[in-house]
Every structure is written in structure tokens, then in C-alpha cells.
Amino acid sequence: MPRLSLVVPVYNVQGYLVECLESVLGQDFRDFEIVAVDDCSPDGSGALLDEYAARDERIRVIHLSENVGLGRARNAALEEARGDYVLFLDSDDTLAPGSLAAIAERLTAAGDPDVLIYDYVRTYWNGETRPNQKALLLKEAGPGVFSLAERPQLLSLLQIVCNKAYRRDFIAQEGFTFPPGYYEDALWTFRSLISAERIAVLDRVCLLYRQRREGGNILSTVSRKHFDIFEQYRRVFEFLDTRADAERWRAPIFRKMVDHYLAILERPGRLPRDARAEFFHRAAADYRARTPAGFQKPAGSRGKKYALLERDAYAGLVGAKAVVKLRAKAGGYARTTLGRTRRTALSLDYRHQLRLPLDENLAVFSAFGGRGVTCNPAAIATEVARLAPHIRRVWAVRPDAVDQVPEGVDFVRVGSREYWAALARATYLVNNVNFPDAVVRRPGQIHVQTHRGTPLKSMGLDRRQYPASANIDFAAMLQRCDRWDFSIVANHFSSAVWQRAYPCSYTSLATGYPRNDVLLNSTAEDVREARRALGVAEDATVFLYMPTHREYQRGVAPRLDLEKLAGRLGPDAVLLVRAHPDDHPAKTPAGSPSEGRIIDVSGHLAVERLYLAADCLVTDYSSAMFDYANLDRPIVIYADDWETYSVVRGTYFDVLTQAPGAVATTEEELADVLGSGAWRGERAALARDRFRRRFCDFDDGRAAERVVRHIFLKEDLADLPPVVPLDERTPAPAPGPSRDAPALTPTTMR
């Protein structure tokens, strides 16, 4: 039997779950088990739990067939727990190093108390940490073990279960279970502390209590579920009625109840606006029904709020809040709502347009800041034309890129009066980056963030710790991301990254990337046409070289001697060179021996057509590798500056050891890999297969259809086409000599 059982309920936390589990598995104390409950999580959390359980026998996973909520998920784990003590750890929280050893040592020293209370700190998305304001109550002066009657001040601690260890026999003896609904910790906490005959404390921070910016926390969820608090306190007082010492606890529990009700009323972002009065009246009814004899209200403004509840005077509460708001507004009147940059963009005409009704049949598309009609937004726009032709599609294009807009495509110039009018009136706004800060998100508008690829390099808030991000205004970035309604993802990996990097209240759509549909749906003739458009012979061996941008470099230094490499590869090889949009490609001089075999394709907006034409992708840290992997064609990683890049920009995994194919770290190694055929050998194919199974989750050729049917046609997700399993997909056929390359059988590849 393990000394400690850690109960970890899991729901929609794939972005935080690894950190949580690693914080436990990395402890120096080993005598524990983890009982994790997959509460029918819609993301990849359940599969992640299974991966960990397969590697560590101390982890047991329970998969629930339906979502039952936090309390009942914990109950399911309690039935399976075997340890002497039970600890609850929410799956987005972590343990501080050395915590389990300290907890176990204190339990032994205290002679196995019923409950051990330890300290915590709140950790915030912006890197801030805040200590427990009541931490002094955990000082160990006095008896090592005591009852709550001896230290009633412990009731003023936060009512959470995750900073306590409970003797399992004590739980079973008292018949403790969690009730359904929000605020389930209140009943458990009050019952356990009042019932315990032997309590001990540990003056040590063991729990790192994560405060997520958006999602995962009922305290930041607008919902009528907050009305569950009334049922929870009904249960608490029913419990008190069963005890001989009930009168001792009525006043302190009553005060906790009233403070809890007021906290819900006072905090923005909990109750729907039209539910606030109803909540107040329910709270007032509880106040009058449960007021203990001789109860003394607190002094000052807090006591005045108690009096408002006692009189059921909702108008008084509203009036008091209005006065506070008016003072704040008056104090900030000199600071106009719009900053200088916003005043420039938000012209009188734009503000006028914002007052006009939304056009329910207007959609604005943009990609790469208006560089052209391309990427995921273009694939979605094409599918909108097919499935929802009643919706007018307008592209936002920079003035210097209008000559690249295809004939027949409706567009507005970025910054023009028409541009701002379209942004003000459109119901749908689709982008692979963010719209300008000045854009106002109107009620009823739907913002779709398609992203530009699967991230290898750190993104969003994850960039804060890296030198290349010193000048980023992360607060402003998150304000832009707050406008998102939907985030389009191609794999579980991306969904987990975005959850941490952009902690905002959008919905992740596991549809696949619309731009990659062409990689699954193209025919052999489409592949030949892609080559003809580039002037590449059908029998040539084509290498597509796509390096990413280096923030640590000033200017652009070529990473490869393309002339030398082309010479090494011979006359049958063609190098397509696509520079990052922030860089400029090296030009092949006229009359060069390699002229015609080194082709600058940086200006081609449809990178997917380049993928179709290529036999092999050569890249470093670009997200191109994740898209190209859908073709199941060779990929070579050329990472000559890995140590510098990984430190300066940061990455989510080691691309040298988890590459999608062959790896080279010098120009000589790259020439050998490409010249010897190792780029398409068996070892490279095995690496590619592992990579595809990790990152090609949802790209099956129907991503754009799913996006349009759900967002534009309002179809339920359950009615959309299910994702085709990876082994059943048929990518576009390989071009040229690749068709003759030896193929591995599926059994060998795995």
C-alpha cells in the first residue's frame, strides 16, 4: 500500500497536464500512487494520461464514459485510492519540489492525524506569484495535533481541498464524498475540519495553485452554475444540524456563507447580468433564514453589505456600485478611451459604422497582415464560396499587394475607409494573425483565428523567458487574442500549446488546417501541374528549402551556399528556395552553372503548391515540416545553429532527437545526406512515421468543410465528418523519382 494517493481529476487541460504530472513524478519521495480520472475530456488529455501510465506503474487511469464534473470525478478516484493518505491535486496545478517528502515526514511526526493542512501560493499567467494571506495560521507553535475547536481561526483559510492530506480511513469512517456542482470544496472542507479529532499543519508551500487567465476556473466563468453555491451551503447547514456542537459553528459558518455570496456578487465575470438580482434575493433569503441568535455584523463597509442582504435591498447594492463606478469614470475622464494610435484608426466614419447593424452575410478575410490571398483563410474562403455562396467574401490586402489579388476576388485596401467599414460591419472576421489593435470586437461578430502552423518555436506567453522576446507587449497581445471566438488546430499538440500560450476564452476547433486539404485531395495531374508552373522537369529531384527567421541576427545572412550545394547534387537536382517573409532570399547570379536549378519561390503565395512539387523538404525550425509531413514525403532538418536558436527563441521539443527525418548540422553533412540518398532511406522513413503519428492528427482533407459547416452554417460539431484515421488517408502522389523510391511496409514503419 502506498503512503500517499494523489487524486488528479482531468478535463480539457492538455496544455497543463504534463507540468502537473512531472511535478509529482519528479519528487524525491517515491512511495505514492496517482489515481487520475479522465472526465470524458474532449481534448488529448486522456491519451496523455495513458502514455504516462504505460511508462510508470504508479499511475492508474480511470476513463469516465460521460462528463460528470470535478466532484464526482474525485469520487470515482476515491473508490480506487489505496494509500494511507489522500491528496487532491487539480490537473492544472503543480507541487513544489520536495513537497511529498515534507508532507510524509510531517504526517509521521504528528502520529498520523486525520487532516494535515499545508501552505500554497497562487501562480498567475503573467509570472506573478502571491502568497497565502493567511499563512501565519499554519505556524506550528503549540500542540502538534489539535482539533478545530482549539484553533477555530483555521476556518478563515480558503475553502479548497488541494492544500490538505486526508487519512483515508478517516474519509471512509465519515463517509465523505463530493457533491455535484460548483463550489463542491466548501462542503468537504467544512465537514472534514469540523469532524476531524486530530489536525496538524505544515508551514511549507507545497501547492502551486495556478490562476489561469481564462478557462479552467469557475471563478472566471460567467454562468448560472454559480447558483450551485446555495445548494452547497444547504448541505453544510444540514451537516451542522446532525452535530451536538452545532451551535458552536453556526456563527463562523454563517459568516463564511455570507462572505462567499458577496464575493460572487462583487466579482465581475461570474453571474450573467440578468441573473444578478435573482442571486441577490436568494442570498438574502438564506441570510434571514440562517442568521444565528445574537449574530454581530462586521464593522465598516462590510457590515453595510451584510445589512443590505438582511433587508433584501438589491437597489441599495446597485446604487453603491454605481457610485463607485462613477467615481472611477470621473477620475479617468482625462484619459480618453482611445489612445493616440486608436484615434487615428477609429475615425468618425469608423465609429459611425460601428453603430450600424452587422451584415450577417459579410465575411472579411486576411492573411499575414494583408500580404495576399493565401493560407488557411484562403482555403476557408474557397469553401465558403462552395457551401455558403450567400456570404460575401472580402479580403483585406495591403496597397503594395493588390496586384497579386486573383481576378474576381473582392478586396479592400488595408487602412482605407472601405477597410474600416468592412471590419465594423462584417459578422465574420477570419485571419491567420491578429487584426489591428484598433479593431473593436462587436457583440455578434465571430472572430476566427486560423494560425499559421504548428509551433516548434515558443509562442505567445511561452516566449516571456527567452531573450528574443524582450520587446513584446504581452498584455497588448492578449487583448488582441481576447477577440478570438474560434482557434483552428491541426493536432492535439497545437491545442495544448495554444491553451498555455494564449490563455483566452476561445473555442478550439479540432478540424485540421484548411490549407492542408490540398495535400490530401490532389491528384497526380495536380502534382505534375505544380511542377509545370515552376518550370521543373517531371523527372527532376526537387528539394524545397524553407528556413525560418532568426530574431537574434541583424540583417539576413545566408545559411547555405546554394551554388555549392547545387553543384554537389548534380544536374538532375533542383533547389526551390523559399525565404521567410521577414527575410530575403539569396539570388543566383545570371550565367551561374546552377542557373535554372536554384529557383527563388519566395513570392509564391500558395506554399501548398510548392509542397506538391517537391520530392523532399529541407528546413530548420519552420512549421512547414508539420504541414509537409501530411504528404508522407521525406523531410531533412538542417539545424546548424540549434544551440543558439533553442536558447534565444526557445522550442517545444528537441528537433535534433525528434526530427521528422534525417538531420544535418553542417553544410557538409547536408550535402552528404542529400547526395547519398539517406534523405529517403529506411531510417529517415521510420523517423517520419513517428513524427506523422504525433502531429498529423486531424488533417484528412476535409478541414475547410468542417470549419465552414460549423462556423458559417451553424452545424453541430457532432454532425461534421469524423476525422479519417491516419493509416486510412491517401496523400497526393509523389512526383518524379520519388515514385520509384523503395517504400516501407506499414509494419516495418511502425
Side-chain angles (χ1 to χ4, degrees), residues 85 88 103 106-107 109-120 131-167 170-171 173-176 178 183-207 209 229 232-263 286-287 289-300 302-303 305-306 309-310:
Y85 280 84
F88 297 98
I103 290 170
R106 183 74 183 103
L107 289 171
D112 285 5
D114 296 326
V115 180
L116 173 69
I117 308 173
Y118 42 87
D119 203 4
Y120 67 90
N132 171 16
Q133 294 181 351
K134 306 284 188 178
L136 287 176
L137 297 178
L138 299 179
K139 294 297 181 184
E140 296 169 22
V145 179
F146 48 85
S147 68
L148 186 64
E150 296 173 89
R151 288 199 191 180
Q153 62 269 30
L154 289 177
L155 275 181
S156 63
L157 291 169
L158 188 65
Q159 291 101 54
I160 58 173
V161 301
C162 292
N163 70 328
K164 301 172 183 72
Y166 303 88
R167 187 165 56 82
F170 167 64
I171 294 174
Q173 171 189 319
E174 298 293 334
F176 292 153
F178 287 92
Y183 304 104
E184 70 290 325
D185 281 12
L187 176 63
W188 179 287
T189 301
F190 292 138
R191 286 185 64 187
S192 60
L193 291 180
I194 292 173
S195 301
E197 296 179 0
R198 305 176 71 250
I199 300 173
V201 293
L202 173 61
D203 185 19
R204 187 187 196 280
V205 171
C206 297
L207 174 68
Y209 185 27
I229 190 96
Q232 305 298 13
Y233 275 99
R234 181 191 65 77
R235 294 183 174 111
V236 171
F237 280 92
E238 283 184 351
F239 159 72
L240 285 183
D241 289 340
T242 66
R243 295 187 58 87
D245 58 351
E247 296 311 310
R248 177 186 186 94
W249 302 114
R250 287 195 189 279
I253 296 297
F254 176 79
R255 184 185 293 267
K256 295 294 292 186
M257 179 194 78
V258 176
D259 287 343
H260 214 158
Y261 289 176
L262 288 173
D286 278 4
Y287 187 104
R290 296 183 181 138
T291 306
F295 178 74
Q296 296 294 315
K297 300 181 187 69
R302 199 71 181 159
K305 293 176 182 178
Y306 273 53
L309 273 179
E310 185 178 36

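Since this is a predicted model, take the numbers as computed values, not measurements. Worth knowing before you read on, the calculation uses all heavy atoms, side chains too, and leaves out hydrogens, waters and symmetry mates. Counting from 1, the numbers follow the sequence of the chain as shown.
Distance OH/Tyr166 to CD/Glu174: 13.0 Å, rounded to 0.5 Å. Rounded to the nearest 0.5 angstrom, Ile171 CD1 and Arg191 CZ are separated by 11.0 Å. Here the straight-line distance linking atom CG of Leu240 with atom CD1 of Ile253 works out to 6.0 Å at 0.5 Å rounding. Residue Met257 holds its CE atom at 13.5 Å from CD of Gln232, rounded to the nearest 0.5 Å. Taking CG from Asp119 and CG from Asn163, the interatomic distance works out to 8.0 Å, rounded to the nearest 0.5 Å. Rounding to the nearest 0.5 Å places CD1 of Ile194 at 10.5 Å from CZ of Arg248.
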Discussion item. Working note: Arg250 + Thr291, criterion side chain to side chain contact (heavy atoms under 4.5 Å, CB included); need CA distance, chi angles, decisive distance, verdict.
Written reply: CA-CA 9 Å; Arg250 287 195 189 279; Thr291 306; over 6 Å; no

Discussion item. Checking Leu158 against Tyr120 for the side chain to side chain contact (heavy atoms under 4.5 Å, CB included) test, could you report, in this order, the C-alpha distance in whole Å, the side-chain angles of both residues, the deciding distance, and whether it holds?
Written reply: CA-CA 10 Å; Leu158 188 65; Tyr120 67 90; 3.6 Å; yes

Item to complete: Output, in order, the C-alpha distance, side-chain angles, deciding distance and verdict of side chain to side chain contact (heavy atoms under 4.5 Å, CB included) for Tyr209 and Asn132.
Response: CA-CA 10 Å; Tyr209 185 27; Asn132 171 16; over 6 Å; no

Worksheet item: Would Tyr233 and Asp286 count as a side chain to side chain donor-acceptor pair (under 3.5 Å) if you check the C-alpha gap in whole Å, the side-chain angles of each, and the deciding distance to 0.1 Å?
Response: CA-CA 9 Å; Tyr233 275 99; Asp286 278 4; over 6 Å; no

Practice prompt. Carefully, step by step, assess Leu193 and Ile117 under the rule side chain to side chain contact (heavy atoms under 4.5 Å, CB included).
Written response: CA-CA 10 Å; Leu193 291 180; Ile117 308 173; 4.0 Å; yes

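Other residues, nucleotides and ligands place more than 12 heavy atoms under 6.0 Å from the CD atom of Glu238. Residue Gln133 qualifies as open at atom CD: its count of foreign heavy atoms under 6.0 Å is 12 or below. Counting non-hydrogen atoms of other residues, nucleotides and ligands closer than 6.0 Å to CD of Glu197 gives a total of 12 or fewer.
The two atoms that bring Leu262 and Leu309 nearest to each other are CD2-CD1, 4.0 Å, heavy atoms only. Closest approach of Cys206 and Tyr118 over heavy atoms only: CB-CD1, 3.5 Å. The minimum heavy-atom distance between Ser147 and Ile199, with the atom names listed, is C-CD1, 4.3 Å. Heavy-atom minimum distance, Cys162 versus Leu207: O-CD2, 3.5 Å. Residue Leu157 comes nearest to Lys256 through the heavy atom pair O-NZ, 3.7 Å, listed as atom of the first residue, atom of the second, then distance. Between Ala251 and Pro292, the shortest heavy-atom distance links the atoms CA-CG, 3.8 Å.
In summary, Asp114 and Arg198 do not engage in a salt bridge, as defined by a charged side-chain N under 4.0 Å from a carboxylate O.
At least one side-chain heavy atom of Phe295 sits under 4.5 Å from a side-chain heavy atom of Arg255. Within the 4.5 Å cutoff, the side chain of Ile160 has no heavy atoms near those of the Phe88 side chain. Ile103 has its side chain out of reach of Tyr85: every pair of non-hydrogen atoms, C-beta onward, lies at least 4.5 Å apart.
Each of Phe178, Phe239, Tyr183 was checked for a ring-ring contact (aromatic ring centres under 6.0 Å, His included) with Trp188, and the lone residue meeting it is Phe178. Shown are Lys134, Arg106, Lys139; of these, the salt bridge (Lys or Arg N to Asp or Glu O under 4.0 Å) with Asp203 is made only by Lys139.
The backbone N or O of Thr189 lies less than 3.5 Å from a partner atom in the side chain of Ser192, making a donor-acceptor pair. Looking only at distances, a side-chain donor or acceptor of Asp185 sits under 3.5 Å from a matching main-chain atom of Val161.
Taking the six-membered ring for Trp and the full ring otherwise, the centers of Phe176 and Phe170 sit less than 6.0 Å from each other.
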